[in-house]
Participant: 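What follows is a structure written as structure tokens; I'll ask about it next.
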Protein chains: 2
Amino acid sequence: MDARGPSSDSSPWMPFESRRRARDEKRDAVLRTAVHLFLEQGYHRATLNEVAERLNITKPALYNYFRGKEDILFECWALGQERVDDFIAGIDAAGGTGLNKLRKLIRAYAEVMTTDYGASLVRFDPRDLTEKNSRVVRAAKRSIDRTFRKYIADGIADGSIGPCDPKMTAFVIAGSLNWIGHWFQRDGAMSAEAIAGEFTERLTEGLAVKSTRRVASTPAKRKKSSGGTR
Amino acid sequence: MDARGPSSDSSPWMPFESRRRARDEKRDAVLRTAVHLFLEQGYHRATLNEVAERLNITKPALYNYFRGKEDILFECWALGQERVDDFIAGIDAAGGTGLNKLRKLIRAYAEVMTTDYGASLVRFDPRDLTEKNSRVVRAAKRSIDRTFRKYIADGIADGSIGPCDPKMTAFVIAGSLNWIGHWFQRDGAMSAEAIAGEFTERLTEGLAVKSTRRVASTPAKRKKSSGGTR
DNA sequence: ACTTTTTATTACCAGCGGGTAATATACGGT
DNA sequence: ACCGTATATTACCCGCTGGTAATAAAAAGT
């Protein structure tokens, strides 16, 4: 009937005898298929029947692993959020100038946006979640926003970034990155790495202090009188 | 409801005109209510029943003005697109350097994004439209993208913009602007004009060939950025 | 081999929401 | 006053989709 496509994307149910896989692997397979379908068709148009069909099972079987559609949606989001949390922790641990941390953040965030779970951070609507889960999402979004603003403020403080409004600048940068999740397609002309690199450059070239490009550790570079630190 | 034209007027078409005008006004009212509700709740969660309810009519009455839900959705999008087309025509007519045109485009686009019809350009899913309407939307999106790229290329050609990849740069800028439609709220801390000005500055300061860091012209007032609107 | 637990299936329900007659009402034209 | 048209309402249909028994079939434990 329908070209199920090369369902070679590792469905544990495909071979009849390989049903002995671990439960978690099946759960993951459900999530991979679901996030793909949700992104492809949109959450509301995508049906659990089709998710199941692509996994060569039937809808009620999904309820062995998830409580319902909303649960699956939230899990997809959470996996994307986990990746973001991870690399932010890494950047924080590594330290460096504000500009340096911001650059790392932009690059990593851009690359995550080109993945399915990453895109789910911006393509899914929190209003489809329960109130409880929705609060978790909102809190996480605020946290990411704070990270952007903090790195920018750090950069202004340590002189690696010229004076600007951290709040607005964070909106500009994060918006540009978030939008990647809306247009990127894996089979497109541009690779994720190329995009990440280009965005890193374009989004920071205007912020870096002009006089000396490499600001190793020389604070009090050019403190504009208007910019009260912090 | 409306002041009817004086019957002493000789034009026998006056009642007809007034009636048609009343009809158009009602149509507009439906659209305003619909776009507002669609943005507030999301297209799928918003019901025609509630649209009608907010207009103090009942659902079938809507079918006097529109063929169905999808028709309303497309009209909302079209009204936003119309505004974009209008100011692009104005910018093209005015001429100037590439950088100048790009700045005007960014400012105008940002302001449109803060309106309901403008936000509908990026908040609504083309997959909810019929194939025919969806093609119209895709064509319009491509056209906007071409405009961004053209202004950038113009700027590179006339020397007002430093060398860069117009395609990527357009993605960076347009993405940042489109995202405004996702977070802006009219009752928030920032005005549309302030946002438009700030985005214009931040998104072009890195491109301008002369190092015009106009930190003085836009003194970023230290407004306490407590209210995280994301 | 028997039982228990996990995992899957078939069949079904319920509610929601878009859309459509059939019909009533307001209103301008004559 | 009368008619015709635009506009509105009530009542209804229908398809879709998430979710739920009831149950079958494997797997695992003994």
Participant: How many whole angstroms separate atom CD of E50(A) from atom P of dG19(D)?
Facilitator: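 Computing the E50(A):CD to dG19(D):P distance gives 17 Å.
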Participant: Report yes if at least one side-chain N or O of R23(B) is closer than 4.0 Å to OP1 or OP2 of dA6(D); otherwise report no.
Facilitator: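 False: R23(B) side-chain N/O out of range (4.0 Å or more) of dA6(D) OP1/OP2.
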Participant: Listed by chain and number, what are the side chain to side chain donor-acceptor pair (under 3.5 Å) partners of N49(B), not counting sequence neighbours?
Facilitator: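 For N49(B), no residue satisfies side chain to side chain donor-acceptor pair (under 3.5 Å) once neighbours in sequence are set aside.
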Participant: Please, which pairs that meet salt bridge (charged side-chain N to carboxylate O under 4.0 Å, His left out) have at least one residue in residues 172-190 of chain B, sequence neighbours excluded?
Facilitator: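 Non-adjacent pairs meeting salt bridge (charged side-chain N to carboxylate O under 4.0 Å, His left out): zero.
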Participant: Which whole-number value in Å describes the distance from I57(B) CD1 to dA6(D) P?
Facilitator: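 Distance, rounded to whole Å: 18 Å.
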Participant: Which is true for Y65(B) with a 4.0 Å heavy-atom rule: it touches a base, it touches only sugar-phosphate, or it touches nothing?
Facilitator: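 Since only primed, P, OP1 and OP2 atoms lie under 4.0 Å of Y65(B), the category is sugar-phosphate.
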Participant: Under the salt bridge (charged side-chain N to carboxylate O under 4.0 Å, His left out) definition, can you give me all pairs with a residue in residues 48-62 of chain B, not counting sequence neighbours?
Facilitator: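 For residues 48-62 of chain B, and leaving out neighbouring residues, the salt bridge (charged side-chain N to carboxylate O under 4.0 Å, His left out) pairs sorted by first residue read E40(B)-R54(B), E50(B)-R54(B).
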Participant: Between the two ends of the helix from dA1(C)-dT30(D) to dT30(C)-dA1(D), what is the bend in degrees, rounded to 10 degrees, where each end axis spans five pairs?
Facilitator: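 End axes: 10° apart.
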Participant: Which residues pass the salt bridge (Lys or Arg N to Asp or Glu O under 4.0 Å) test with R127(A), not counting sequence neighbours?
Facilitator: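 Listed in chain order: D125(A).
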Participant: Is any N or O donor-acceptor pair between the side chain of N64(B) and the base of dA6(D) shorter than 3.5 Å?
Facilitator: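 Per atom types, no contact qualifies.
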Participant: Tell me: CG of D24(B) to P of dT7(D), nearest whole Å?
Facilitator: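 It is 10 Å, rounded to the nearest whole Å.
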Participant: Give me each pair satisfying salt bridge (charged side-chain N to carboxylate O under 4.0 Å, His left out) with a member in residues 61-89 of chain B, each pair once, sequence neighbours excluded.
Facilitator: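 Matches after skipping sequence neighbours: R27(B)-E75(B).
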Participant: Listed by chain and number, what are the salt bridge (Lys or Arg N to Asp or Glu O under 4.0 Å) partners of R107(B), not counting sequence neighbours?
Facilitator: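 So R107(B) forms no salt bridge (Lys or Arg N to Asp or Glu O under 4.0 Å) with any residue.
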Participant: Generate the contact string for nucleotides 12-21 of chain C. Rules: B means base contact, S means sugar-phosphate contact only, - means no protein heavy atom under 4.0 Å.
Facilitator: -----SBBB-
Participant: Side-chain contact test, heavy atoms from C-beta onward, threshold under 4.5 Å: evaluate it for F87(A) versus L105(A) and give yes or no.
Facilitator: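 A side-chain contact exists here, since the closest heavy-atom pair is under 4.5 Å.
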Participant: What is the distance, rounded to the nearest whole Å, between atom CD1 of I72(A) and atom C1' of dG19(D)?
Facilitator: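 After rounding, the reported distance stands at 12 Å.
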Participant: Examine dT9(C): is either OP1 or OP2 under 4.0 Å from a nitrogen or oxygen in the side chain of T58(A)? Give yes or no.
Facilitator: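 Indeed, a polar side-chain atom of T58(A) lies that close.
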Participant: Nearest 0.5 Å, what's the OG-CG distance between S176(B) and L203(B)?
Facilitator: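 With rounding to 0.5 Å, OG (S176(B)) is 4.5 Å from CG (L203(B)).
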Participant: By salt bridge (Lys or Arg N to Asp or Glu O under 4.0 Å), which residues pair with K101(B), not counting sequence neighbours?
Facilitator: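 By the salt bridge (Lys or Arg N to Asp or Glu O under 4.0 Å) rule, K101(B) matches D154(B).
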Participant: Measure from CG on L73(A) to P on dG18(D) and round the result to the nearest Å.
Facilitator: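 Taking CG of L73(A) and P of dG18(D), I get 12 Å after rounding.
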Participant: How long is the line joining CD of E25(A) and P of dT7(C), in whole Å?
Facilitator: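 Those two atoms, CD and P, are 13 Å apart.
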